[in-house]
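Every number for a ligand or one of its atoms is a count from 1 in the order of the listing. All of these numbers come straight from a predicted model, not from anything done at the bench.
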Amino acid sequence: MIFLDAAATTPVRREVLEAMWPYLTGDFGNPSSHHSLGESAAAALANARAGTAAALNCRPAEITFTSGGTEADNLAVKGMALARQAAEPGLNRVVISAVEHPAVEESARYLERFHGFAVDIVPVDGFGQVTPEALAAVLRPETALVSIMYANNEVGTVQPIRQLAGLCRDRGIPFHTDAVQAAGWLPLDTKLLGVDAMSISGHKLGAPKGNGALYVRSRTRVEPLLHGGGQERGRRSGTENVAGAVALATALGLVRPGQGFAVHVAALRDGFIREVLAGVPGAQLTGHPTDRLPSVASFCFPGTSGESVLLELERQGVVCSSGSACAAGSDAASPVLLAMGVPAEVAQTAVRFSFDAAVTAAELHEAAAAVRNAVGSVLTLGIR
Ligand code: PLP
């Protein structure tokens, strides 16, 4: 099987498993306990926090460990908007882009349904990018928070985060970015990016599912979503997932964004894109041609259905995704592609291929041939 669905999830890396193993077994203490096992767990957690902070170029106290990307996004969007509104009741608008993951979009909708916020959507261009002009046009004096993803999970388009964050900083509006897909591929330096908050998730990086982190710049107020024993400096109550935090920090330490392997994978991706476009008549690349994750190639195959192509590809030994795994099971056109101006009947023919750093040219060559065959069969048989 050729696994080309790394944007959905990745296997746990051996080094990560080895690093977390002691905290699942002999060193199983609760970091809040006042005995040696507890102290050892607390030390491991502090170490993981320092490692995560180093990868994000921030202070350890600015890291909150969460149960994953979804929780980090919820905490950022709801927690920061609610804290700002509590301090200044006139701040009652949140801005998100038209291509956010549901974890951000639904958090904003929750604020709208239950807390009287208005949600302003920044449109994207045909490549799925938010321009600084488009963002500036929706910012208002009442804007409490802006949340725009770093890289898109369906088409891989990378946003000009530094410029977008800078625009918000000039107006004193906090800026959050969902970096779940960017982590491992793009620089995560929070100072360089100029963001006030950033979400990451372990399972996209070779750590297990169910752990992630939210960076929040010092002195930024966040209303907690989980109340209880006051762990994570009161931001996220609940006994900490020590092994998960160790896993996340270890996985982050193993990736070196911007260095050779991302360039290498981007070159393989471009070769794959060329082969698919040359081999499949009518195939359309979706997302930005160059400002895209090294690890994502996404297409529409007009006249097919994404789900049928996916099934045919799996029969040929290639596993990928017909859109976002988070919306799996639905054959509806992707809202991301619709926001990019792709017609609905074309959008529902979308297929996403996403790689990990170990992908090879031979695998991608084989996969491109399988795509040609799969699309050919679907079109010949008229399966939809
Ligand atoms: N944000 C983006 C962009 C994602 O791609 C995902 C998962 O696919 C999430 C958030 C949610 O992360 P998690 O699966 O850790 O909850």
Task: Nitrogen or oxygen atoms of Ala103 and ligand 1 under 3.5 Å apart - done: no

Task: Ring geometry between Phe272 and Phe353 (parallel below 30°, tilted from 30 to 60°, perpendicular above 60°) - done: perpendicular

Open item on the list: Under 3.5 Å, is there a donor on one side chain and an acceptor on the other for Glu39 and Ser36?
Closed with: no

Open item on the list: Within the 3.5 Å criterion, strictly below it, is a donor on Arg13 or Thr250 matched to an acceptor on the partner's side chain?
Closed with: no

Task: Pair Asp27, Ser40: side-chain N/O donor-acceptor within cut-off below 3.5 Å - done: yes

Task: Subset of ligand 1 atoms that lie under 4.0 Å from at least one heavy atom of Met149 - done: 3 (C)

TODO: Please state whether the rings of Phe301 and Phe299 are parallel, tilted or perpendicular, taking 30° and 60° as the class boundaries.
DONE: parallel

Task: Separation between OG of Ser295 and NZ of Lys204, rounded to the nearest 0.5 Å - done: 11.0 Å

Open item on the list: Does the residue Glu100 have a heavy-atom contact with ligand 1, meaning some pair of atoms that are separated by less than 4.0 Å?
Closed with: no

Open item on the list: At under 4.0 Å between heavy atoms, is it the side chain or the backbone of Glu71 that contacts ligand 1, or both, or neither?
Closed with: neither

TODO: For Gly68, counting its heavy atoms only, list the atoms of ligand 1 lying under 4.0 Å from any of them.
DONE: 15 (O)

TODO: Find out whether Cys58 and Met198 are in side-chain contact, i.e. whether some heavy atom of one side chain is under 4.5 Å from a heavy atom of the other.
DONE: no

Open item on the list: Pairs of nitrogen or oxygen atoms closer than 3.5 Å, one from Asn153 and one from ligand 1: do any exist?
Closed with: no

TODO: Taking only heavy atoms of Ser201 into account, list the atoms of ligand 1 that are under 4.0 Å away from them.
DONE: 13 (P), 15 (O)

TODO: Report, in ascending order of atom number, the atoms of ligand 1 lying under 4.0 Å from any heavy atom of Thr70.
DONE: 11 (C), 12 (O), 13 (P), 16 (O)

Open item on the list: Heavy-atom distances under 4.0 Å decide this one: backbone, side chain, both or neither, for Lys209 against ligand 1?
Closed with: neither

Task: Atom indices of ligand 1, in the order listed, that fall short of 4.0 Å to a heavy atom of His203 - done: 13 (P), 14 (O), 15 (O)

TODO: Identify, by atom number and element, the atoms of ligand 1 in contact range of Asp73, meaning under 4.0 Å from any of its heavy atoms.
DONE: 1 (N), 10 (C)

